[in-house]
Amino acid sequence: MPIVAIIPEPNAPVEVREVAEPELEPNSALLEVEVSEVCGTDVYLQQGRLAGVPYPLVPGHVSVGRLQKIRGELFDVDGERFSEGDRVTFLDVHRTCNACWYCLVAKAGTRCPQRKVYGITYGLDDGLCGGWATHVYIKPGTRCIRLDAAPETFMAGGCALPTSLHAVERGDIKIGDTVLVLGSGPVGMNAVLLALMRGALRVLCIGAPQARLDAALHAGASATLNFETHDEAQRLNWVLENTGGRGADVVIEATGAPEAVVQAMRFTRDAGTVVVVGQYTDHGETSFNPHLDLNKKHLDVRGCWGSDFSHFYRATQIAAQRGEAWTQMKLISYGLNEANEALADVKEGRVLKALIRP
Ligand SMILES: [Zn+2]
Ligand SMILES: [Zn+2]
């Protein structure tokens with residue numbers, strides 16, 4: 001019988017339960033989970049801070065495992081058929097319809113109103129749909145991707161890797177740019193690595209605590225600043241000192257703090273680009289001066305919501321072929337019965353990347 005760790009309702013501790021093995025529909029599969037993860041979103045899910053979440057919920061939206069049972073046929077993006085035993089990850093977003101106005105006219109699949117996300121907007125009543133479990137039900141239409149990288153290498157990036165890929169793409173980073181990353185959590189750390197891959201000459205990072213800033217330096221950041229010991233004016237001065245007095249060409253906000261969005265605008269050079277990727281949950285409002293902070297600066301400020309198949313696919317390719325940088329990230333693993341501990345450690349920032357090994 002599959003075993004799952006569930007959040008029964010907002011603010012309740014995680015419980016481990018046995019559940020019935022799902023009946024496989026045609027062209028579906030049962031995945032035996034090797035590794036899933038605990039990310040900031042899971043902390044917010046436990047706190048009930050996301051809208052439209054059906055509890056009880058099995059969290060864990062990005063996972064790696066082996067296809068244990070396949071009913072019917074499943075194919076990869078190259079048209080090759082998956083076999084039982086294949087190691088895969090899968091796009092956590094299901095049912096992007098490719099038929100609605102957002103999908104077809106706006107070409108913004110991550111805003112498709114039909115989409116459902118494993119471990120976030122699919123609850124236990126929708127089936128075995130989260131990675132904090134021995135098994136995940138791969139529903140028909142779910143896009144699996146073969147994983148050639150070691151599971152730990154891909155999961156060191158985890159959900160932050162495709163998210164950051166999308167963010168650097170939105171930032172339209174050019175060869176030789178100076179990029180500033182605000183935040184040194186998993187998304188910030190991945191943004192440092194990917195900004196360099198995308199051609200940034202220098203990447204600056206403002207975050208905390210010091211251990212994470214050291215990790216950012218190790219990942220290739222040329223300078224870091226601890227926001228806990230520097231106020232906004234000191235941060236601005238530091239950015240200007242490091243950018244010839246102009247500000248960064250591209251700033252990627254990955255903090256979760258609304259005021260950081262305004263700081264991102266102030267730390268960007270005139271006619272530069274700001275990408276906001278750190279406001280996945282609603283942390284309230286902030287204010288800015290439209291004349292000074294936006295219009296006069298001739299800024300391009302872009303939101304960045306979720307990720308699509310292209311980001312996931314490329315994340316697996318990067319992990320397989322350029323994964324060295326990710327192998328150095330510190331991972332801590334927890335069993336299903338240690339999920340509460342894992343959530344607490346992620347919430348307090350005691351670990352950079354927490355994995356669940358069921
Ligand atoms: Zn996540
Ligand atoms: Zn759609």
Side-chain angles (χ1 to χ4, degrees), residues 5 7 14 33 35-53 57-64 89-123 129-133 136 141-143 151 154-167 183-191 194 254-256 277-281 283 304-312 315-316 319 326 329 331-334 339 342-343 345-347 349 351-356:
I7 300 174
V14 178
V33 178
V35 195
S36 189
E37 68 176 339
V38 185
C39 74
T41 298
D42 301 314
V43 174
Y44 296 136
L45 287 169
Q46 202 265 332
Q47 296 170 339
R49 296 183 77 143
L50 258 79
V53 176
L57 177 83
V58 182
H61 62 113
V62 173
S63 312
V64 171
T89 184
F90 61 93
L91 176 64
D92 57 349
V93 180
H94 188 226
R95 280 187 14 195
T96 302
C97 75
N98 204 31
C100 74
W101 190 90
Y102 283 99
C103 284
L104 294 182
V105 181
K107 295 187 178 168
T110 71
R111 294 304 302 138
C112 172
Q114 307 298 327
R115 72 204 282 277
K116 290 281 185 182
V117 186
Y118 280 82
I120 299 178
T121 50
Y122 269 146
C129 291
W132 296 11
V136 168
T142 302
R143 298 314 310 249
F154 176 70
M155 292 304 289
C159 66
L161 181 48
T163 301
S164 308
L165 242 158
H166 196 185
S184 54
V187 174
M189 209 61 78
N190 279 274
L194 293 169
T255 68
V277 68
Q279 309 290 318
Y280 188 71
T281 43
H283 286 270
C304 181
W305 186 252
S307 46
D308 65 23
F309 184 84
S310 73
H311 307 113
F312 250 74
T316 62
W326 280 270
M329 276 195 202
L331 305 172
I332 301 194
S333 297
Y334 302 81
L343 276 174
D345 287 348
V346 169
K347 181 169 167 246
V351 294
L352 178 60
K353 196 75 218 179
L355 301 183
I356 294 279

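All of these numbers come straight from a predicted model, not from anything done at the bench. What you see below is based on every heavy atom in this structure, not just the backbone, and it leaves out hydrogens, waters and symmetry mates. Whatever order the structure lists them in is the order used to number ligands and atoms, beginning at 1.
In terms of distance to the Zn ion (ligand 1), the nearest N, O or S atom of H61 is named NE2.
Side chains of T142 and Y118: a donor-acceptor N/O pair is present below 3.5 angstrom, by distance only.
Considering all non-hydrogen atoms of both residues, A156 and K353 come closest at O-CD, 3.6 Å. Among all heavy-atom pairs drawn from L352 and G185, the shortest one is CD1-C, 3.9 Å.
One finds an angle of 110° at the Zn ion (ligand 2) between SG on C100 and SG on C103, to the nearest 10 degrees. When rounded to 10 degrees, the angle formed at the Zn ion (ligand 2) by SG (C97) and SG (C112) equals 110°.
Shown here is F309, whose CZ atom has more than 12 heavy atoms of other residues, nucleotides or ligands within 6.0 Å.
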